[in-house]
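Note on naming: letters A, B, ... go to the chains in the order of the sequence lines (proteins, then strands), and numbering restarts at 1 for each one. Every heavy atom of this structure was used, including side-chain atoms; hydrogens, water molecules and symmetry mates were not.
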Protein chains: 4
Amino acid sequence: MTARPAERDTLSRSQQRRRDDIVEAALKIFDRDGFEGARIDDVAAEAGIAKGTVYLYFENKEALFEGVVRDVVKPAVDAVERTAENEHMSASERLEAQVTLIGERLGKGSMKILLRLMIAEGPRHDNLRDFYFREVVEPGMAAIRKSLADGEASGEFRPGTADIHPQVLAGAPMMGAIWRILFQELAPLDIDSLLDDHLRTVLAGLRDRS
Amino acid sequence: MTARPAERDTLSRSQQRRRDDIVEAALKIFDRDGFEGARIDDVAAEAGIAKGTVYLYFENKEALFEGVVRDVVKPAVDAVERTAENEHMSASERLEAQVTLIGERLGKGSMKILLRLMIAEGPRHDNLRDFYFREVVEPGMAAIRKSLADGEASGEFRPGTADIHPQVLAGAPMMGAIWRILFQELAPLDIDSLLDDHLRTVLAGLRDRS
Amino acid sequence: MTARPAERDTLSRSQQRRRDDIVEAALKIFDRDGFEGARIDDVAAEAGIAKGTVYLYFENKEALFEGVVRDVVKPAVDAVERTAENEHMSASERLEAQVTLIGERLGKGSMKILLRLMIAEGPRHDNLRDFYFREVVEPGMAAIRKSLADGEASGEFRPGTADIHPQVLAGAPMMGAIWRILFQELAPLDIDSLLDDHLRTVLAGLRDRS
Amino acid sequence: MTARPAERDTLSRSQQRRRDDIVEAALKIFDRDGFEGARIDDVAAEAGIAKGTVYLYFENKEALFEGVVRDVVKPAVDAVERTAENEHMSASERLEAQVTLIGERLGKGSMKILLRLMIAEGPRHDNLRDFYFREVVEPGMAAIRKSLADGEASGEFRPGTADIHPQVLAGAPMMGAIWRILFQELAPLDIDSLLDDHLRTVLAGLRDRS
DNA sequence: GATGAATGAGGGTTCATTCAT
DNA sequence: GATGAATGAACCCTCATTCAT
């Protein structure tokens, strides 16, 4: 009886494609204009559909925002976790892989946009912020923490390493992401090179026993 | 027709005080609601004045935002620079002071709010972003860069240190600030302790010659 | 391309049944939400069909409203007229039967709904209002007028009775209907008892020659 | 601090006049288009102001409707009550005055519009319907009831008159009002003449002891 | 015939900005 | 200078109507 597609449990192939189009368009518009500044009209135009159609797939602007956040987060989750489980790597190698992954994810594409959206809008959208924390940040920190603990246990890192804040490792990738968001045109930053410096310094520091 | 205060070159003492009240109120409202979401009505109410009065001091919402950014940036500038010139400190001590200062500034008060506003709105306000970069970020990075170079020159740090991205040092304070903005309620982070871990690790890494 | 059912002269049995379902559903929704407030979606859902199907049977919302009015009016017409022709009743008995019938019709079921719809929407739908007047009101008034005239002719009522406005007789049933529409929950009114009072008083008044 | 006039306790003379203009305009537009059909734009145009100004005086469309109802009801209240207290009239005279007053009020001007609005929208606006009942209908019925009782007590009317539904008396004025709303153009009705017939018949009936 | 996704005009409401007092 | 009522453009969302399947 005329349920919106959005209210059904499942969407047909073509409906799913359309939903994805809308989310993709919304991500772009939200990035350009922010949540408040974004006009549903623009999202629809970007997606090549009529304004009303957006409302067939999302209850309202807030739900659209939520859809964007969830869709961007989804594929990010497993990637981080998979890295943590590479058993045949040394702790250093794993940390390097993890920091590099975070740097790459955060520094470009939709995760960069999401990061900015979360910083800008997160405090006004508690449930989305919580979701982002739970699904992205917490697992990431946990993965790093495990590598640190493993490195201490194996003697690769100095004693006490397990208790170091994982944010120390994630700091440079975060800095790189923010830099790209704000200053890339003004003062280009080579993220790979930044992460290189960061990893070389920090890993040396973790091995140091003086 | 008297000119608006905003159009005069100088403001009387009481006008300056009123202007500051408006900026202070606007900072709070922009932080709470974002640029688009902020209502001039709310700013005026927060400042205890009538809505029209805001327009006596600022041409429009955009100019008010600019006023906020400039006023917050102003006192921040010198502080960083002063630190860089403390000649009787070792490079390590100076870096420690600098990183700690950045962490404190960025992690609380109006600079934390400004950071968030810049990330959220910067890409839509190029001149403000440029201003922020020129007045805050560049000097900060330069100060760190100088400490790194001095440390290498004095033999305190390993060769090549001067070429390390200063963002490596600033990463942890930035991470701490973002964390506080987003997750402080969810998962409290002790910034001092984070910076401790960061500095111990990084400084050890910079001294390491292995 | 087969013609829509609505454009054919005749409907199959099952089509007629479906049309009736739609009209019945629409009556309910129009009653609940008014003409402007009614959503075709809701009518369709109430009828257990898809929204588009409504448009197979009715050109547009206006036509659906017209269908509702006509369908409700249809069975009402003959009833009133039949009463007027009961030759073996006294004038009083006939008036009593007529007033009671009007009271029952108007005070409940679809005629009550129709009355409200006509008051609410009639002035904006002249042709429907005219139709209602011609098919329902006029015959009703005529029937009463005839009873009054017959009663005067037979000496049952005082001279001049034939010239009395039939609305005098219909007033109480109308009042009862309006009361039920608006205040039944607030201050229940027993229509039978109201009509009793009304008839006793008015008939006595008509017989009075003082 | 920029409170809407509507949110203040008191309105200045000119504000009160403007508020009244809006209500007057709204009454006209609501009458023409119904509550749902009325456009705030049209109300504003009718009142000769900008659309936004309406919202300075009324929170929303619903509040505007409420304002209309309350403003129309206000002056109506006392009139009915005053009639009930005319001690030097006979019960018949008082009933006549009351029925005539109801007929005049209900049959034209803003009370006629209000009646129609209440029938159309009342069931969807419980509090307004209750207000209308409490302020207008109940006092009116009570006044009639008192006249009936007084008339029985004084012997002017037959025993049992006090128990007659007052709606019997109010029926004809109501019928006249509905008629004017719906059919005045189609079949003009002289309300005075209707009420004459009604009163002559009913009062005779009330005096009758046969 | 029946369906329901898609359309887009329309309307309620908000709020930056203006200006008479 | 200060005020806050007035303005009207803008934007979210709804829903009558269409039409491809």
For this session: Classify the angle between the aromatic ring planes of D:Phe65 and D:Phe35 as parallel (below 30°), tilted (30 to 60°) or perpendicular (above 60°).
Result: tilted
Problem set entry | Among E:dG11, F:dA2, F:dA6, the nucleotide that comes nearest once only the side chain of D:Leu56 is considered | F:dA6
For this session: Could you say whether A:Ala50 or D:Glu62 is positioned toward the 5' end of DNA chain E, judged by the nucleotide with the nearest heavy atom to each?
Result: A:Ala50
For this session: Choose from F:dA16, F:dT7, F:dT3 the nucleotide whose nearest atom is closest to any side-chain atom of D:Thr53.
Result: F:dT7
Seminar exercise, completed: Among the nucleotides E:dT13, E:dT3, F:dA6, whichever has the atom closest to the side chain of C:Ile49 is E:dT3
Exercise. With both distances under 3.5 angstrom, what nucleotide forms a Watson-Crick or G-U wobble pair with E:dG12?
Worked result: F:dC11
Seminar exercise, completed: Looking only at E:dA5, E:dC15, F:dC11, the nucleotide nearest the C:Lys51 side chain is E:dA5
Problem set entry | Between C1' of F:dC11 and CG of A:Leu64, the distance in whole Å | 15 Å
For this session: Using a heavy-atom cut-off of under 4.0 Å over every strand shown, decide if A:Ala44 touches base, sugar-phosphate, or nothing.
Result: nothing
For this session: To the nearest Å, give me how far apart CZ (B:Phe58) and P (F:dA2) are.
Result: 13 Å
Problem set entry | Electrostatic pair A:Asp33:A:Arg39 at N-O distance under 4.0 angstrom | no
For this session: Look at the side chain of A:Lys61 and decide which nucleotide, out of F:dT3, E:dG12, F:dC13, has an atom nearest to it.
Result: F:dC13
Exercise. Could you go step by step and tell me if B:Asp20 and B:Val23 meet the side chain to side chain contact (heavy atoms under 4.5 Å, CB included) rule?
Worked result: CA-CA 5 Å; B:Asp20 291 347; B:Val23 165; 5.5 Å; no
Problem set entry | Check ion pair C:Arg19-C:Asp71 (N to O, under 4.0 angstrom) | yes
For this session: Round to a whole Å and report the spacing from CG of A:Asn60 to P of E:dG12.
Result: 20 Å
Problem set entry | Of the listed nucleotides E:dT13, F:dT17, E:dT17, the one nearest the side chain of B:Tyr55 | E:dT17
